[in-house]
Amino acid sequence: MIFRRWIPVAALTVAALFMALTVAIATGYPMRDFDFKGRFLLISAVVFLIWSTQFLVYFFRLWRAKAEPLETMRADWQKALPTILSGTVGVLLIGTYLYSLSALKFMITAVIPFWADAPLLAFDRALIGDVQIIARELQTSMPAIGWFYWSWHFINIIGMTWVLHWQSEDGRRLVLAFMLTWGIGMTFAYLGSSAGPLFTGAYDPALAPHRVQWMSEALWKN
């Protein structure tokens with residue numbers, strides 16, 4: 001059955017959601033801060049992006065084959081429906097998983113107060129020196145660095161959208177690898193609980209790109 005491909009994904013999603021709810025209840029963290037509406041709209045946008053892209057590719061193939069579009073689409077609709085539903089289920093599961101990890105990230109300090117700032121800052125300085133001096137030297141390039149910093153969001157969504165078009169074993173493995181990478185990363189985020197140099201006075205936020213400053217303000221509020 002086509003939905004069987006999502007069983008491991010569903011298991012990871014349920015585990016992450018259970019962990020997030022457990023931590024929220026145990027710590028009394030205000031769940032209203034998790035922005036359910038915003039995340040749901042983002043997931044819905046990804047679903048729309050995936051299936052509108054697939055429809056455009058399908059329609060382009062019909063045009064190249066010079067087929068009668070309405071008749072062909074009517075004949076193909078029932079065959080395509082399980083695939084459409086399967087992909088939608090996959091996006092919803094992955095979106096819920098990432099949302100659960102985001103909630104866990106918000107609650108790090110409620111579970112393990114930040115302790116690793118000093119050793120991580122010492123490691124940074126031993127590795128690359130004084131980051132403020134480097135930041136001053138790169139001020140003219142900071143807007144471009146800010147865009148590059150945010151580009152991972154687009155790469156993340158586009159990459160997952162591309163992989164979810166695959167109906168192969170490789171696609172399933174890549175989705176699981178993606179989810180496990182985030183899950184393992186969140187485990188290390190708890191173990192190395194730290195606020196970061198923007199919040200400890202070790203780095204002047206005014207030197208950071210505007211997009212980083214905006215994010216730091218949101219994190220500081222949290």
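Keep in mind it's a predicted model, so treat the numbers as computed, not measured.
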Inset, instruction - With rounding to the nearest 0.5 Å, note down the distance linking CG in Leu17 to OG in Ser100. - result: 4.0 Å
Legend entry - Nearest heavy atoms of Ala103 and Ala20, plus distance in Å: CB-CB, 4.3 Å
Legend entry - Atom CE of Met215 with >12 non-hydrogen neighbours under 6.0 angstrom: yes
Inset, instruction - Measure the spacing between OH of Tyr190 and OG1 of Thr109 and express it to the nearest 0.5 Å. - result: 10.0 Å
Inset, instruction - Would you indicate whether the side-chain heavy atoms of Leu120 and Trp115 approach each other to under 4.5 Å? - result: no
Inset, instruction - Look up atom CG in Leu191 and atom OG1 in Thr187, then write down how far apart they are to the nearest 0.5 Å. - result: 7.0 Å
Legend entry - Asn156 to Phe178 - nearest heavy-atom pair and separation: OD1-CE1, 3.1 Å
Inset, instruction - Please report the shortest heavy-atom distance between Tyr203 and Ala135, naming the atom on each side. - result: OH-CB, 3.2 Å
Inset, instruction - Evaluate the side-chain proximity of Thr22 to Phe18: yes if any heavy-atom separation is below 4.5 Å, no if none is. - result: yes
Legend entry - Joint hydrophobic cluster, Val14 plus Ile25, side-chain heavy atoms closer than 4.5 Å: no
Inset, instruction - Apply the test side chain to side chain contact (heavy atoms under 4.5 Å, CB included) to residues Leu104 and Val111: give CA-CA distance (whole Å), side-chain angles for both, the deciding distance (0.1 Å), then the verdict. - result: CA-CA 10 Å; Leu104 284 168; Val111 179; over 6 Å; no
Inset, instruction - Answer yes or no: is there a side-chain heavy-atom contact under 4.5 Å between Val212 and Trp150? - result: no
Inset, instruction - Determine whether Leu180 and Leu93 fall in the same hydrophobic cluster, where Ile, Leu, Val, Met, Phe, Trp and Tyr are linked whenever their side-chain heavy atoms lie under 4.5 Å apart. - result: yes
Inset, instruction - Would you kindly confirm whether Tyr149 and Trp220 end up in one hydrophobic cluster when ILVMFWY residues are joined by side chain heavy atoms under 4.5 Å apart? - result: yes
Legend entry - Trp152 reachable from Met179 in the ILVMFWY side-chain graph, under 4.5 Å edges: yes
Legend entry - 4.5 Å side-chain heavy-atom contact, Phe199 and Ser216: yes
Inset, instruction - State, yes or no, whether a side-chain contact exists between Gln139 and Met142 at a heavy-atom distance under 4.5 Å. - result: yes
Inset, instruction - State, with a plain yes or no, whether a side-chain heavy atom of Leu92 is found less than 4.5 Å away from one of Val89. - result: no
Inset, instruction - Please check if Leu101 and Phe188 belong to a single hydrophobic cluster, counting links between Ile, Leu, Val, Met, Phe, Trp and Tyr side chain heavy atoms closer than 4.5 Å. - result: no
Inset, instruction - Report yes if some heavy atom in the side chain of Tyr99 is under 4.5 Å from a heavy atom in the side chain of Thr96; otherwise report no. - result: no
Legend entry - Minimum heavy-atom distance Ser194-Asp117, with the two atoms named: CB-OD1, 3.5 Å
Legend entry - CD on Gln213 to CG on Leu198, rounded to 0.5 Å: 8.5 Å
Legend entry - Shortest non-hydrogen separation from Val175 to Val9 and the atoms involved: CG1-CG2, 3.9 Å
Inset, instruction - Working to the nearest 0.5 Å, report the span between CH2 of Trp147 and CZ of Arg211. - result: 3.5 Å
Legend entry - Closest approach of Tyr29 to Ala110 (non-hydrogen atoms, all atoms of both residues): CD1-CB, 4.4 Å
Legend entry - Side-chain heavy atoms of Val131 within contact of Leu207, under 4.5 Å: no
Legend entry - Reported CE-to-CD1 distance for the pair Met186 and Ile108, which is rounded to 0.5 angstrom: 5.5 Å
